[in-house]
Student: 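What follows is a single structure, and I will ask about it in a moment.
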Amino acid sequence: MKHGLRMLGRIAVAMMVVAALSLPAIAKPKVMILATGGTIAGAQTSQAEYGYKAGSFRVEDLIKAVPQMQELAEISGEQIVSIGSQDMNDEVWLKLGKRVNELLQSPNTDAIIITHGTDTMEETAFFLDLVVKSDKPVVLVGSMRPATAISADGPMNLYNAVAVAADPQAKGRGVLVALNDSVHAARNVTKVNTSNVQAFQSLNRGPAAIVNTGKIVWLEVPGGRRGARSEFSISNLNALPRVDILYAHANMSEDLIDAAVANGAKGLVIAGVGDGNATQKAIDKLAAVAKKGVVVVRSTRLPSGLTYRNNEVNDDELGFVAALEFNPAKARVLLQQALLVTHDPREIQRMFAEY
Ligand code: ASP
């Protein structure tokens, strides 16, 4: 009797083993790394020197440097450009945005990582947040120390970015930025330090997630409109409208406003003092150009806080748009997209409230 039961037990175990072996292995997500350069691909002439050249290594080198990420995902790579992100421009944005949309339409890509310099990372991330027509994860990653540095931060940042991109919970959170164990929503994040590895923060809202050696704790889902719900599209575009940013200060003159408009700016963002203000001379000139159809958005040169409508400046009367949560760099990105749809400041104000 006992022997019979033991036999039955063995048969059951054997059947379970056979069943487990015949189960299809869970496929790893397919993650494409699009490389654009930046310090994460930077090389120094000497490890004892601060100086380095951004964008010296190619995507294959970055992938080879972190073999551990192959355990998290099936990785492939493509070089888009090799630049320091201070040279990022509309042409590269359009190329990158179109490629991201094309890749994400295919079942062969589950998520995208973009390696990017940190200087304009928040702008590229927000541009993509507005124009990518998919809910699949898109994660921008960079580093503050070049790839050749003693204690380079790029490899761990890249590993964490892959973990984030491969996580099913990253879907639908918009474009993300992952550096130094924190993950930020594109619309919220800003660079806050010139050289420290802790260089990114979401000042008005806080991070989207914390990630430590690939282990993620998700926090808030970002607000704003994006993905399939975005009204912006770049599929037929070869250029974006010119929008300039003017930095307000004590004794600001109106000359640079004239110069920007004379050089073809269709929109102006003012990095205003305090709650988005400027000298009376500058405000008068901005109101004059707004009457002629140039769209004027008031943002603030301060790192945090909102620029509210009709605070010290009467936006209703002067025809301005208030940037609300967006800093000048982000306001410029959104205004470029908005101007492709309308020049009506009230419609553009709606967009600033929705995205
Ligand atoms: N200048 C570099 C860049 O933005 C800085 C960096 O990547 O950290 O490309």
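Whatever order the structure lists ligands and atoms in, that order sets their numbers, starting from 1.
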Student: Parallel, tilted or perpendicular, judged at 30° and 60°: which one describes the rings of W93 and F127?
Tutor: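 Rings of W93 and F127: parallel, as their planes differ by under 30°.
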
Student: Can you name the atoms of ligand 1, numbered from 1 with element, that are less than 4.0 Å from a heavy atom of S85?
Tutor: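 In order of numbering, the contacting atoms are 3 (C), 4 (O), 9 (O).
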
Student: Might you point out which heavy atoms bring A248 and R301 nearest each other, and give the distance in Å?
Tutor: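 That closest heavy-atom pairing would be O-NH1, 3.0 Å.
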
Student: Which residue and non-hydrogen atom of the protein lie closest to atom 6 (C) of ligand 1, and at what distance in Å?
Tutor: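 Of every protein heavy atom, T39 OG1, 2.6 Å lies nearest to atom 6 (C) of ligand 1.
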
Student: Before signing off on this row, confirm whether Y52 and ligand 1 have an N or O atom pair separated by under 3.5 Å.
Tutor: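 N/O-N/O distance under 3.5 Å: no.
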
Student: Near G84, which atoms of ligand 1 are under 4.0 Å from a heavy atom of that residue?
Tutor: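 Every atom of ligand 1 under 4.0 Å from some heavy atom of G84: 9 (O).
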
Student: Is it possible for you to say whether L335 and F320 belong to one hydrophobic cluster, with membership spreading through side-chain heavy-atom contacts below 4.5 Å?
Tutor: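 Looking at the clustering, F320 is in a separate group from L335.
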
Student: Give a yes/no verdict on whether any heavy atom in G55 is under 4.0 Å from an atom of ligand 1.
Tutor: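 It does not, in that no heavy atom of G55 comes within the 4.0 Å cut-off of ligand 1.
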
Student: Looking only at side-chain N and O atoms, does T39 offer a donor or acceptor that is under 3.5 Å from a partner on Y52?
Tutor: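 The answer is yes; a qualifying pair exists.
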
Student: What residue and atom, counting heavy atoms only, is the protein's closest point to atom 1 (N) of ligand 1, and at what distance?
Tutor: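 Ranking protein heavy atoms by distance from atom 1 (N) of ligand 1, first comes D119 OD2, 2.7 Å.
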
Student: If you measure only the distance, is there a donor-acceptor pair under 3.5 Å linking the side chains of E71 and Y159?
Tutor: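 There is no such pair between these side chains.
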
Student: Flag the pair R242 and D90 as a salt bridge only when some basic side-chain nitrogen lies within less than 4.0 angstrom of an acidic carboxylate oxygen.
Tutor: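 A salt bridge is absent here (no side-chain N lies under 4.0 Å from a carboxylate O).
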
Student: Going by the order shown, which atoms of ligand 1 are within less than 4.0 Å of some heavy atom of Q86?
Tutor: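 The list of qualifying atoms is 1 (N), 2 (C), 3 (C), 4 (O), 9 (O).
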
Student: Among all the protein's non-hydrogen atoms, which is closest to atom 8 (O) of ligand 1, and how far away is it?
Tutor: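 Scanning the protein heavy atoms, the shortest distance from atom 8 (O) of ligand 1 goes to T118 OG1, 2.5 Å.
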
Student: How long is the straight-line distance from CG of L34 back to OG of S76, given to the nearest 0.5 Å?
Tutor: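 Between atom OG of S76 and atom CG of L34 there are 9.0 Å.
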
Student: Under 4.0 Å from a heavy atom of G117: which atoms of ligand 1 are those, numbered in the order shown and with their elements?
Tutor: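 In order of numbering, the contacting atoms are 3 (C), 4 (O), 7 (O), 9 (O).
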
